[in-house]
Structures are given as structure tokens and as C-alpha cells.
Protein chains: 2
Amino acid sequence: MLLTQTAEYALRAMACLACHEGDDPMRSKELADNANIPAHYVSKVMRRLVVAKLVHSKRGHGGGFSLAKAPEDITFLQILNATDLFIEGERCAFGLGNCDHQNPCPLHNAWTELKLCMWTWANQTTLAGYSPDAPEAPEAIKNALP
Amino acid sequence: MLLTQTAEYALRAMACLACHEGDDPMRSKELADNANIPAHYVSKVMRRLVVAKLVHSKRGHGGGFSLAKAPEDITFLQILNATDLFIEGERCAFGLGNCDHQNPCPLHNAWTELKLCMWTWANQTTLAGYSPDAPEAPEAIKNALP
DNA sequence: ACCTTGACGGACCTGTATGTCTACTATAGG
DNA sequence: CCTATAGTAGACATACAGGTCCGTCAAGGT
């Protein structure tokens, strides 16, 4: 599992909201069905996104969830950080104690590269990419993975 | 947490073995101390690496663990795959049911990119990079992360 | 006003990853 | 042959992410 279950739910939920048409908010039941999240777990996931100000919630009759900003302004990094999967500021996996840029441990570079790789991906990918007719992945990417 | 705890232990243990000098195997107690792994958990971690044929174990008096091949022939990908963190063949986080290259879901490309990013890193990084006097990370990497 | 809808928030349960302990087996050396 | 050493294997314990449940609160509709 590359991401935690909750992070995966959050990404799917945000994608659902991004492609939701109309101005009326989306109810948790709809989210659960469309994003394939356990019905009773939706509120847990969404509350984190509300606290992170990525999503607005509206109570009562006609209530539900809606994006707090334009899809292209919401990066995956923001979503992942809202769900406890902190990429930034993570300690070095190899450093025992004091390991930073000044005192790099032998494998510090490898670790930094991985973080940079994930961080760049998460920071560059936004919900704007969500579209039912998005272009297919380039051949290079399709064939690179075994 | 970017990696699972066990995966992190495995990487550290392999790094310790890679920089271990001499022909005699390294005892589990030494590994536990040097790689900062709970003493009684070392055998659990190492057994996976033994099964994956990345490490040789020797029982009895004078026994211990040693790398099964040259450090430069051991990639992080092999180590991670040995510890249940399968990067390859992972299903798409966004696909609900049938989602592949032929029938990509709207966010399939983003997911593929992340997998490719991690896979490339893991596949290109080997234990050969382990050295107490490895060069520092390029400035670009050092400054890219917030 | 009252009722229905639906998010909020906390208590609580559960399963998996992690960690600990112990009896067993293999090897080397005296 | 006996003993100390050191990995093996599996039972058992624990912590925490994941998941369920329910009472509360807010907003419309009638």
C-alpha cells in the first residue's frame, strides 16, 4: 500500500467533489457511494478536509460537502497533509538522532530524493486533472512499469 | 510515515550489512544496536530478507547475517518488495473495479505517475550508495524541500 | 412551532502491523 | 560428547489505524 487507506479515501472524495456538477453540496451518502468509502467513515475523512479548509460543509436539510476553492487550486499535497500523511518535515529514515542537511547520514541523500520525488508529485498534481475524458497517460509512463 | 516501520528497519539493516567490514557475519545483536531495531524484532525482519535471498544467515557459534550479493546488485526495490511494500502491481487507488491502461479512470494517470516515481527511485538506488563519506546532496535537492 | 434531514463529534469496537518472549535447532570449539 | 552460541519459528501481547454507532446540533420545509 503506497498510501494509507484514509489518504486514498480523501483523494477519491475530493475527486468526486471536483466532478460534481451543480451548486448544491454533495451529501455524505452520495460521497460514500461514488468514492467507495465506508458510509460511516465518510464523516471522519471529511472532517479532516473541513478542518484543513479544503472543503465546506453545510448542515441540515439540503446540506452536504462542497469544495472550498477551485479544483485547480487544490493540490494533492494539501489533501495528503490534511490526512496525516506528512511528506514535509519527515525525519530521515536512516538518521539515528541528529541527521539533517548539515550532518547527513550515509543514506540521507537517497531518502531526500524519495521525499522530493513524492513531494513534487503531490505538489504539482491538482484536482484540475480530474475529468472523465482526461488524456491517456503517455506511452512512456504506461510501459515503464513492469 | 512514508514507509512502513518494517520496511524502514529492513533498509537500515541492509545498509548496516553493506558497510560491515570483514568476512565474518554480523550477529543479530549488533544489527539491532547499529540499525536501531528492537532486539527481538530483528529476526522477524531478517527472515524476510533471507527468504528473498538478499541475505545469508549462518547458525550456531560464529553465525550471523551477511549480504547474499554485492551491495551494488541490491536495489531498494528488492528490499522493499521483500518487506511486503509492493510497489509493482498495486491496483489503482482511484479505479473502482476495472481500471487499467485500457480503461483508465479519470485519475489513473496521476496514480501511475506516483507509482513510476517511487518505482524508479527504488529501482535505481542500490546499497552501493552506502558509504560513510558519500557526497552531499546537490544543492537543488537540499533547497527544493520546504 | 414542529418535524425531517443531514453534518458533527465523541465513544467504542476491530483487525492488522508491530513488538516480546520462549522453546527449539544447528554449529563451532574444547 | 558436551556446552555455549546464535538463528528459527511460532505463540502471545500491544498499539494504532481503520471502522461503527449514536446522541447532538443546525437548517429548511410544512
Side-chain angles (χ1 to χ4, degrees), chain A residues 1-13 16-17 20 23-68 80-86 93, chain B residues 1-13 16-17 20 22-68 80 82-86 93:
Chain A
M1 175 96 65
L2 279 187
L3 304 175
T4 64
Q5 193 64 56
T6 301
E8 208 178 294
Y9 289 157
L11 287 176
R12 281 214 293 267
C16 278
L17 286 180
H20 179 63
D23 282 342
D24 47 327
M26 201 171 184
R27 281 172 294 152
S28 66
K29 184 63 171 58
E30 288 178 80
L31 266 177
D33 291 344
N34 293 338
N36 205 24
I37 304 173
H40 292 287
Y41 197 55
V42 170
S43 68
K44 280 276 176 68
V45 176
M46 297 311 289
R47 210 172 66 78
R48 298 188 187 213
L49 297 171
V50 170
V51 169
K53 295 198 190 347
L54 299 176
V55 157
H56 280 151
S57 66
K58 195 182 171 202
R59 286 188 171 192
H61 196 114
F65 300 96
S66 55
L67 292 185
L80 294 180
N81 278 344
T83 57
D84 280 349
L85 187 75
F86 298 107
Chain B
M1 175 95 65
L2 240 46
L3 304 174
T4 64
Q5 193 64 54
T6 302
E8 209 178 293
Y9 289 157
L11 287 177
R12 282 213 294 267
C16 278
L17 286 180
H20 179 62
D23 282 342
D24 46 327
M26 200 171 184
R27 282 172 294 151
S28 68
K29 185 63 172 57
E30 288 179 79
L31 265 176
D33 290 345
N34 292 339
N36 205 25
I37 305 174
H40 292 286
Y41 197 56
V42 170
S43 64
K44 284 272 177 69
V45 176
M46 295 312 288
R47 211 174 64 79
R48 298 189 188 214
L49 298 172
V50 170
V51 169
K53 295 197 188 350
L54 298 175
V55 157
H56 281 152
S57 65
K58 196 182 170 203
R59 286 187 170 192
H61 195 112
F65 300 95
S66 55
L67 293 185
L80 294 180
T83 57
D84 281 349
L85 188 75
F86 298 106

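Every chain is numbered from 1, with letters handed out A, B, ... down the list of sequences.
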**Q.** Whichever of B/Y9 and A/M46 has its nearest DNA chain C nucleotide further upstream toward 5'
**A.**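 Checking each residue's closest nucleotide, the 5'-ward one belongs to A/M46.
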Does OP1 or OP2 of [N] have a side-chain N or O of [X] closer than 4.0 Å?
{"X": "B/Y41", "N": "C/dA17", "answer": "no"}
{"X": "B/R47", "N": "D/dA9", "answer": "yes"}
{"X": "B/S57", "N": "D/dT8", "answer": "yes"}
{"X": "B/K44", "N": "D/dA9", "answer": "no"}
{"X": "B/T6", "N": "C/dT18", "answer": "yes"}

Q) Are B/Y41 and B/T6 close enough that a side-chain donor and a side-chain acceptor fall under 3.5 Å? A)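 The answer is yes; a qualifying pair exists.
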Rounded distance (Å) that lies between atom [atom2] of [N] and atom [atom1] of [X]:
{"X": "A/D33", "N": "C/dG6", "atom1": "CG", "atom2": "P", "value": "13 Å"}
{"X": "B/K29", "N": "D/dA4", "atom1": "NZ", "atom2": "P", "value": "20 Å"}
{"X": "B/R27", "N": "D/dT8", "atom1": "CZ", "atom2": "C1'", "value": "18 Å"}
{"X": "A/D24", "N": "C/dT5", "atom1": "CG", "atom2": "P", "value": "17 Å"}
{"X": "B/H56", "N": "D/dT8", "atom1": "NE2", "atom2": "P", "value": "12 Å"}
{"X": "B/F65", "N": "C/dT27", "atom1": "CZ", "atom2": "P", "value": "14 Å"}
{"X": "B/M26", "N": "D/dG7", "atom1": "CE", "atom2": "P", "value": "11 Å"}
{"X": "A/K58", "N": "C/dC8", "atom1": "NZ", "atom2": "P", "value": "13 Å"}

Q.
Main chain of B/N36, side chain of B/R12: is a donor-acceptor contact present, judged purely on distance under 3.5 Å?
A.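 Checked: pair present.
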Q.
Using modelled atom types and a 3.5 Å cut-off, is there a donor and acceptor pairing between side-chain atoms of B/H40 and backbone atoms of B/K44?
A.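 Not a single qualifying donor-acceptor pair exists.
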To the side chain of [X], which of [options] is closest?
{"X": "A/P38", "options": "C/dA28, D/dA6, D/dT20", "result": "D/dT20"}
{"X": "A/R59", "options": "C/dT18, D/dG28, D/dA26", "result": "D/dA26"}
{"X": "A/H61", "options": "C/dA7, D/dG29, D/dG18", "result": "D/dG29"}

**Q.** First encountered from the 5' end of DNA chain D, between B/S28 and B/H40
**A.**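 So the residue in question is B/S28.
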**Q.** B/R47, CZ atom: more than 12 neighbouring heavy atoms under 6.0 Å
**A.**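 Check fails, neighbour count at 12 or below.
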Q. Can you name the nearest heavy-atom pair linking B/P25 to B/G64, along with the distance?
A.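 Where B/P25 meets B/G64 most closely, the heavy atoms are CB-C, 3.5 Å.
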